[in-house]
Structure formats: structure tokens, C-alpha cells
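Order of the sequence lines sets the chain letters (A, B, ...), proteins ahead of strands, with each chain counted from 1. Just so it is clear, the values below take in all heavy atoms, side chains as well, and ignore hydrogens, waters and symmetry mates.
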Number of protein chains: 2
Amino acid sequence: MNIVFIGSGNVAWHLAQALDKNGHKITDIYSRTIANAKKLCSKLYDAQATNSLDFTASQATLFVIAVPDNAVLEIVEKASFPANSIVVHTSGTLSMDELEDVNTKNIGVFYPLQTFSKTKQVDFKTIPICIEASDSKTEKIIEKVAFSICENVCFYDSEDRKKLHLAAVIACNFSNYMLKMSEQILKEHGLDFAILKPLIKETIEKALEIGPKNAQTGPAMRKDMQTIQTQLELLSNKPELKTIYKLISEQIMKQN
Amino acid sequence: MNIVFIGSGNVAWHLAQALDKNGHKITDIYSRTIANAKKLCSKLYDAQATNSLDFTASQATLFVIAVPDNAVLEIVEKASFPANSIVVHTSGTLSMDELEDVNTKNIGVFYPLQTFSKTKQVDFKTIPICIEASDSKTEKIIEKVAFSICENVCFYDSEDRKKLHLAAVIACNFSNYMLKMSEQILKEHGLDFAILKPLIKETIEKALEIGPKNAQTGPAMRKDMQTIQTQLELLSNKPELKTIYKLISEQIMKQN
């Protein structure tokens, strides 16, 4: 299938390459900054970089809007698509309806439930792709594209997808932030973050095996106020982190 | 070596069994609640359950105090150890000095940097064990015991170990809490936590590979206020979690 990407950020970067490698032809990459589009094109078989949103003459069937959520509406307002083409966005939080003003009635969502950074390869096979479509014909086409790169295609409506995205942000972006804080504390004292790696691996493995509710351990879980107090004191020069530590500990204690 | 455990909680549970399987003899398990001591004894080759803290007649060389931090002092006050025996605690946060009032001058710390739950087996080989001792002779003995079950023995003084423990709590206990919150949100809406597993695995793998600072993604990292606003609204019936979400997002934005 001929596919156009609007956007050249982390999601477009990985998704376009995965589709390109799996029998699809990425014809164009749009970016406001054409240099960014060109960078992604250089990773693809035969794609053109463009900074025009007039796609009316395009031969593509599928248009993937992979830009930050707050830029989607502007794309919807400015872009023109070929009649009968399909336009999808890749957002977890935006509803499908955000696309209802595009000049084609075939719209949908193509949300890969994964964290993307340009410097880290990802294996799409294991990534769930959550799809939604305006009608069953469009859904079948989007589904087929999803299955061409992954083995786990899920159907979520916009309301459920919003909750899924919230859960993903908390489970992943916030967990990563905890690791970041932890690394920062160790660094400040000349200690090496690497020593925590076996513990971090085991923590996550355990949470996924026996469930995070059963896996919760630590001073707050034991209601060990003495340790909590000592640790809060260690954070006295980091008021925001101290507040976060206190709030999370209180929640763990409350739910225990 | 003959070893006595004081405590039968998660740390004692796993540590006593690991030592028992690696050539040491666990002679006694102390617990205030003798039934708990008996449960652990049933997993060991030939240990006795006891609820007496008078060990003066014991043949053991090493006494491991593996109780919650706020119970260590009570043990120190009440227990009597044989002359020349070694007494260690397993706490990340308590300094070694907490043991200075025991009736032996050989004291130390034996802190396995891992999360323990009774229902989940752990492989001690990969676990860093952080040790500290009152003198070099005691240190050598503790070091030998540590190396008998693990390959990664580290030397931390009480101040550094405190920081290490704080970093471990944030990286692991708090990350697990994030997963717990995430699971709870999905459950409330009839959605399955399992769909997040590939994302969680990749998040942690990526953080450990390229470092959590480089791995940070998500709405806050992109300063995507629209998504943050939508997600805060989804949390309007969970004021504490909403506060945590807001604080962490602000921190991620600030540090970006």
C-alpha cells in the first residue's frame, strides 16, 4: 500500500521504517521543517520529503498523521487529501473525531502502544497496535496494515484508548522518571546507577509475573516510618522530589 | 558457618534459604511469633525455631538481624550473643552503629540490594550484596559469606548505603506503585493490564540501555499540555493520584 506520513518525530520515525520494510511504499514524508523529513526519507526505500500539505494529487491510500497531539488540528485544517483516501492519527489520547473535518470520510486511529526514541530500535512484532475506524471497510484496511508489522492488533474506541494512554503514561513515562530521579541522587553522591540494574530488572519482572499489587514492597508498604523519615531528610534539599516521595509513600500506606 | 537468623520476614526468608543451600548451617530462626519461625525452618535443612533472644549458648558464628528497621533497636537491647560472634543487620538505611550496643564488638551490615516477596523466587547470583564491618577481620568473614551466595559483593559505608537505599526505593518501590496505579485505572474501566506488558518491558530495557535521562518520553517530555490536561481530567475522581500526576509532569517538564 502507498502511505504518506505527516510528521517525522519518534513515532513516524519507527512506524514509517517498519511499514517500509514490510511491503509498503512510503511515498512522502511531510514536515514543517523539511530537513527533518529528509532525515527520515534517507532511512526509507523511495520516499520524498515535502513541506506542502496539499496531497490531492497523491497516489497514496493511507495518510498517517504522526505529530504531537496539539498539532493535529492544524494539520486537519490545512491538509487536503485525495478523495476516498484514509486518514489516521497515531495518538492515544485524541479521539478519532478530531479528524472529522478532513476532506475524506474514511478516518481512523493507528496507535502503537510503545515508547519510541530515535536512538533505540524497537521490535514491532510484540507491540500492540490499537486501531479504530469510522466504518468497517476502513477498519479492515487499517487492520491489515497493522497486522503487516505486528502480531497484536487491538480494537479500542476513543474513550477506552484515552484510559489506556493514561495508564501507559503512568506505568512507563512515570516509572522512567523514577529511574531518572534515582540516577540523579546516586550521581550527586558519586555512586553508580549500574548497581541498581539487577534490582530494577527483578522489580519489573516480579510486577509483571505476580501483579504490581502483590509485588509492592519497601518502607511505605511495611509502614516503616523511621526509614521514611530518614529518606525524607535525605531529600531536604530537593523540595519537589520530597513532596513526590511523601505523597507516593502515603498512597502506598493507605492502600496497604 | 553456623548462622542464626533473627526475623522471618521476606529478607530472612530468601537469605536464610540461599545460605542454607550454599554450605552454611542455619541453626536457629528467631521470631516473636514462633509459628513464623517454624514456617521458615521447614524450608531449611536443620534449623530450630525459637522465640528467645538469649543466644549466649549458641554455637553460631554469625547472627543476622533481618527485621524491620524500627525493630532492630529492640533486638539490640534484648538479645545476648556469644562472645566473639558477629552480629549484622540487613538494612539499607540503618547505620552500622545501630548495633554498637550488642555484647560483641564484631558488627556489620549485610544488605542484599533486592526486592523480596515470599511468593517469588530470586536468583542470588546476580544480586549485589552491600557489606560493611567494624574491622577488617570481621569484614573478611562477612565478605566470604556474601561471596558464597552471590557474585557481586560491594563495600558501602553507612552514609552511602543510605543514599543507595533511597535511590532503590524510588527506582523500584515507586516504579512498582506506578504500575499498580496503572493497573487500577485499567481495571476500573474493565481494561486488561496485560496489554501494557510489552510497553513496560521495553520502557525498562530502554532506560537501562540508554539511561533514564535519554529514555524519557511522554506528554510531559513533549510539553504537550493538551494531553496532560485531558489526563488530569480523567483523574478528577482520584485527587491524590491527580496531584502525583501533576507534580511528576511538572518535574519532567522542568528538567527537560
Side-chain angles (χ1 to χ4, degrees), chain A residues 68-70 93 113-115 117 119-120 126-128 160 163-164 166-183 185-186 189 191 195-200 202-204 206-208 210 212-213 215-218 222 224 226-227 230-231 234 240 244 247-248 251-252, chain B residues 68-70 93 113-115 117 119-120 126-128 160 163-164 166-183 185-186 189 191 195-200 202-204 206-208 210 212-213 215-218 222 224 226-227 230-231 234 240 244 247-248 251-252:
Chain A
D69 285 10
N70 55 10
T93 291
L113 189 55
Q114 190 50 277
T115 166
S117 298
T119 50
K120 171 86 168 69
T126 61
I127 297 176
D160 280 351
K163 283 143 201 166
L164 186 62
L166 170 63
V169 166
I170 294 174
C172 297
N173 303 149
F174 287 8
S175 290
N176 185 78
Y177 174 74
M178 295 300 145
L179 303 188
K180 202 169 134 191
M181 283 302 86
S182 170
E183 185 182 37
I185 289 168
L186 291 173
H189 297 99
L191 302 171
I195 194 180
L196 286 183
K197 287 187 178 180
L199 176 56
I200 293 167
E202 169 69 15
T203 299
I204 301 304
K206 185 166 84 169
L208 297 185
I210 67 176
K213 210 177 158 211
Q216 188 68 59
T217 59
R222 294 192 302 272
D224 178 347
Q226 189 180 317
T227 301
T230 306
Q231 302 206 324
L234 285 175
E240 296 96 342
I244 291 172
L247 270 171
I248 295 179
Q251 286 302 299
I252 295 174
Chain B
D69 284 9
N70 55 10
T93 292
L113 189 54
Q114 192 49 281
T115 165
S117 297
T119 50
K120 171 86 169 65
T126 61
I127 297 177
D160 280 350
K163 283 142 202 168
L164 186 62
L166 170 64
V169 165
I170 293 175
C172 297
N173 302 149
F174 286 8
S175 289
N176 185 78
Y177 174 75
M178 295 300 146
L179 303 188
K180 201 169 136 192
M181 283 302 86
S182 170
E183 184 182 39
I185 289 167
L186 291 174
H189 297 100
L191 303 172
I195 193 179
L196 286 183
K197 287 186 178 180
L199 175 57
I200 294 167
E202 169 69 15
T203 298
I204 300 304
K206 186 167 81 169
L208 298 185
I210 66 175
K213 208 176 159 212
Q216 189 67 58
T217 59
R222 293 191 302 271
D224 178 348
Q226 187 180 315
T227 301
T230 306
Q231 301 205 326
L234 285 174
E240 295 97 343
I244 292 173
L247 270 171
I248 295 179
Q251 284 303 297
I252 294 174

(request) Using a cut-off of under 4.5 Å on heavy-atom pairs, state which of S182(B), A215(B), P212(B) scores highest against chain A. (result) P212(B)

(request) Specify which of D224(A), T126(A), T119(A) makes the most heavy-atom pairs with chain B at under 4.5 Å. (result) D224(A)

(message) Using heavy-atom distances under 4.5 Å, tell me whether T115(A) contacts chain B through its side chain, its backbone, both, or neither.
(response) both

(message) Please identify, among R222(A), Q226(A), K163(A), the residue contributing the most non-hydrogen atom pairs under 4.5 Å to chain B.
(response) K163(A)

(request) Could you go through the side-chain contact (heavy atoms from CB on, under 4.5 Å) check for H189(B) and L164(A) one step at a time? (result) CA-CA 9 Å; H189(B) 297 100; L164(A) 186 62; over 6 Å; no

(message) Which one wins on heavy-atom pair count under 4.5 Å against chain B: L234(A), I170(A), N176(A), I244(A)?
(response) N176(A)

(message) What's the separation between atom NZ in K213(B) and atom OH in Y177(A), rounded to the nearest 0.5 Å?
(response) 13.0 Å

(request) Give, as side chain, backbone, both or neither, the part of I210(B) having an atom under 4.5 angstrom from any heavy atom of chain A. (result) side chain

(message) Please classify the contact between K120(A) and chain B as side chain, backbone, both or neither, with a heavy-atom cut-off of under 4.5 Å.
(response) side chain

(message) Which atoms of I185(A) are under 4.5 Å from chain B, going by heavy atoms: the side chain, the backbone, both sets, or neither?
(response) side chain

(message) Heavy-atom pairs under 4.5 Å with chain B - which of P198(A), A167(A), G218(A) has more of them than the others?
(response) A167(A)

(message) Quick one, M178(A) and I248(B) - any side-chain contact, counting heavy atoms below 4.5 Å?
(response) yes

(request) Can you tell which part of T217(B) gets under 4.5 Å to a heavy atom of chain A, answering side chain, backbone, both or neither? (result) both

(request) Give the member of T203(A), L166(A), I200(A) that has the highest number of heavy-atom pairs under 4.5 Å with chain B. (result) L166(A)

(message) I want to check something: taking the side chain as every heavy atom from C-beta on, are L179(A) and I204(B) in contact at a cut-off of under 4.5 Å?
(response) yes

(message) Please classify the contact of E183(A) with chain B as side chain, backbone, both or neither, using a heavy-atom distance under 4.5 Å.
(response) side chain

(message) Quick check for you: to the nearest 0.5 Å, what is the distance between N70(B) atom CG and T227(A) atom OG1?
(response) 7.0 Å

(request) Let me know if L191(A) has heavy atoms under 4.5 Å from chain B in its side chain, its backbone, both or neither. (result) side chain

